[in-house]
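Before any comments, here is the structure.
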2 protein chains.
Amino acid sequence: MIQPTFPVLAPQRRELIRSLVRDEGIVRVEDLRQNLKVSVATIRRDLEILEENGKLQRVHGGAVTMENRLEEAVFDDKTNQASKEKSRIAEEACKLISTGDSVYLDGGSTTLGLARLLKDRTDLTLVTNSLRAATELADSGPKILLIGGELRRISQTMVGPLTSGVLGQVHVDKAFMGTMGFCLKSGLTTTDPNEAFVKNLVAAQAGQVILLADSGKAEKVSFARVSDWDAIDVLVTDAKLPKPFTKSLRKRGLKVLLA
Amino acid sequence: MIQPTFPVLAPQRRELIRSLVRDEGIVRVEDLRQNLKVSVATIRRDLEILEENGKLQRVHGGAVTMENRLEEAVFDDKTNQASKEKSRIAEEACKLISTGDSVYLDGGSTTLGLARLLKDRTDLTLVTNSLRAATELADSGPKILLIGGELRRISQTMVGPLTSGVLGQVHVDKAFMGTMGFCLKSGLTTTDPNEAFVKNLVAAQAGQVILLADSGKAEKVSFARVSDWDAIDVLVTDAKLPKPFTKSLRKRGLKVLLA
DNA sequence: TCGTTTTTGATCGTTTTTGAGAGAAATGCA
DNA sequence: TGCATTTCTCTCAAAAACGATCAAAAACGA
C-alpha cells in the first residue's frame, strides 16, 4: 500500500481509498484505519460518500469494486485472502503463456493481475477489451491490440456491437477469461449481457480458453449466461475448490490447475 | 518546496500557490501558511481569488487542481509546458461543442486538455483513439467509444488497420484534431504515417473538422502528411500566430479563432 | 508630508470534519 | 438454535477550518 505523507486532506484520502479498491478489488475498514491513521468512523463516512458517488460498493467489513459487488463471502480470512489467491492464480496462469503467443485478456481483477505480470513480455501480442489492462501495460510490455467499442464504465471494458468487428479480424492462441460465477449446472455467468456477449465471441474463436476464477466464485450464479463448460479448456483456481467440483470438471475433459 | 525570499508580493505569492497546486496536485492551508509566512486569512483570500479565476478548486483544508489527478505527474509535465496557451485553446474549443454532439478527439496534449473539460458533459458522445483521453474520462462524462487497434506507445493512441473498421461505423459531428506541425504550403503533418492515416480517415467523414494547435507549431513540417487545409473547417490557436498566416487561412475559407 | 487605498492579521461566531461511545445488526461457531 | 464477537449505525461533543468583520500596517499618489 502507498503510504501517504500525513496529514492527508479528505478528498485525497478518498481518492486513495478509491484507487486502492480499484487495484485490490477489495478493502477492509480495519486495514484502511491503520494505513490512513484515522478513526473507523471517518473511514466509514468516506466509504459512504464513495458509495453514493458510485465509486465502490460497501460490504460488511469493508468495500469492493462495483464489478465485484455480487461476491459475498469475500473476507474468508483475517487477511485479504481473496486477493492473495487471485495473484497466485495469475502467476499460475502466466506459466501457461508460451513465447510469441497472442493472448486475449478480458476484464476483471484476476486478469488484471495477470496483465501486471506481463510488463517484460515484449514477445507477446496482447488482445484485450480491458481499458485498465491496456493502461497498465501502456508504457512497456507486449504489443497491445485494444478492442474498440463502447466503454462500460462499471467494469472499464469495451463492449457493444463495435467490438465484434475487430474481434473478427484477429486470432488469439490463448484467451484468459474472468467470470462472476461458475457453477456445474449453469456454467459461466456474469452480471452484464453485453459483457457476456464479448466473452462468448472471444471464447468461440480462441485456440485455447483459460478461465481464471478463485474458489469463492464456485457455485455462484449471476445474471447473464456466458457459456457452458464445453467452451473452456483450462480452469485455474485455488486449492479451496471442493474436491468433487474438481473431479466433475476433470471428468468433462477440463484441465484444472490449483494455484 | 521552494523557499522564496521574503517579503513576497501578493501576485507573486499567488503564482507560487498556483504552481504548487499544479505540481503537487494538492496543498494544505497550514502548509502554505508556514512556507509563505503569512496568516491563514491571507492564504484563504489567495485561494478564493485563484478559485474565482478557475486556477484551482478549494476543498476543506486546502485546495486541489482542477484536473484532480492526484497520481501521474509524467505526462502532466508535457502539458504544462506551453500549458497556458494550450489550456486557453482547449477552453475556446470547448465552446464550439453543442449539446448532444458526437465528438471525435484524437491524441496529443491539447486535445487531452479538452477532454478534461468534458467531465460533466454527459450529453455528449465521445469517439476517440486516445487511451489517455479515455482514461481521463473513464469514471464520468460523455459516453465513450474507443477506437480499437494497435496501441502506439509513444503517443498512447490506437492506430493501424483495425481502426478503420470501427471508424466506418460511426458518425461524428465535430472532430478535434491535434497536429505536430502546420504550414501554409504543406498543410498538416505529423511524425507517424499510421497516425496520419487515422487522422485523415476521421477528417474525411466528420461533419466539421477543428484543428487545435498552438502558434509554436506554425510553419513546422513533420514527416507524415495528414491533409491539406481544405479538409479543415476551423483552426483554434493563440494570438501569437503571425497576422499574415491568419489572413491567408481566412482567405482560404477557414474560420480562425485566437484564444 | 498627509490622506487615501490596498493589503494584511486578529478575533469571533458558525460550519464542517472528526473521534468516541452505546445500542442494534450481522457474522462465526458450537 | 444460542452465544460470543465483530461490525454497523446513530448520536453527541471536541477539534479543525471557515467566513465575516474590523483595525492595524503598508503602499500609493498628490
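First the proteins, then the strands, lettered A, B, ... as listed; each starts at 1. Scope of the values below: all heavy atoms of this structure, side chains included, with no hydrogens, waters or symmetry mates.
Ile43(A) has its CD1 atom 13 Å from the P atom of dT7(D), to the nearest Å. Gln12(B) places its CD atom 17 Å from the C1' atom of dT8(C), with the value rounded to the nearest Å. At whole-Å resolution of the value, CG in Leu47(B) and P in dT8(C) are 13 Å apart. The separation between Glu48(A) atom CD and dG19(C) atom C1' is 16 Å, rounded to whole Å. Distance CD (Gln34(A)) to P (dG19(C)): 15 Å, rounded to an integer number of Å. To the nearest angstrom, C1' of dA17(D) lies 11 Å from CD of Glu30(B). Between the CG atom of Asp31(A) and the C1' atom of dT7(D) there is a distance of 14 Å, rounded to whole Å. In this structure, CD1 of Ile49(A) is placed 13 Å from P of dT9(D), rounded to the nearest angstrom.
Formation of a donor-acceptor pair under 3.5 Å by the Asn53(B) side chain with backbone atoms of Lys55(B) is not found in this model. The closest donor-acceptor contact from the side chain of Gln156(A) to the backbone of Ser130(A) lies at 3.5 Å or more, if one exists at all.
More than 12 heavy atoms of other shown residues, nucleotides or ligands fall within 6.0 angstrom of atom CZ in Phe245(A). Asp120(A) CG: 12 or fewer foreign heavy atoms inside a 6.0 Å radius.
Between Glu136(B) and Lys119(B) there is a salt bridge, with a side-chain nitrogen of the basic residue lying less than 4.0 Å from a carboxylate oxygen of the acidic one. Ion pairing of Asp106(A) with Lys199(A) is present here, as a side-chain N (NZ or NE/NH1/NH2) and a carboxylate O approach within less than 4.0 Å. Comment: Glu30(B) engages Arg33(B) in a salt bridge, judged by a side-chain N to carboxylate O separation of less than 4.0 angstrom. Under the 4.0 Å criterion applied to side-chain N and carboxylate O atoms, Arg18(A) and Asp23(A) are not assigned as salt-bridge partners.
Side-chain nitrogen and oxygen atoms of Arg13(B) include at least one within less than 4.0 Å of the OP1 or OP2 phosphate oxygen of dT8(C).
Among the duplex regions that DNA chain D forms, those built from at least three successive Watson-Crick or G-U pairs under 3.5 Å are C:1-30 with D:1-30, ordered by first number.
The residue Arg33(B) sits apart from the nucleic acid: no heavy atom pair falls under 4.0 Å. Nucleic acid contact class of Val40(B) (heavy atoms, under 4.0 Å, all strands): none.
Listed nucleotides: dT8(C), dT7(D), dT18(C). Nearest to the side chain of Arg14(B): dT8(C). Of the candidate nucleotides dG9(C), dT18(C), dT7(D), dT18(C) has the atom nearest to the side chain of Ala10(A).
By the 4.5 Å heavy-atom criterion applied to side chains, Ile210(A) and Leu96(A) are counted as neighbours.
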Contact state string [nucleotides 20-27 of chain C, B base, S sugar-phosphate only, - no protein heavy atom under 4.0 Å]
------SS
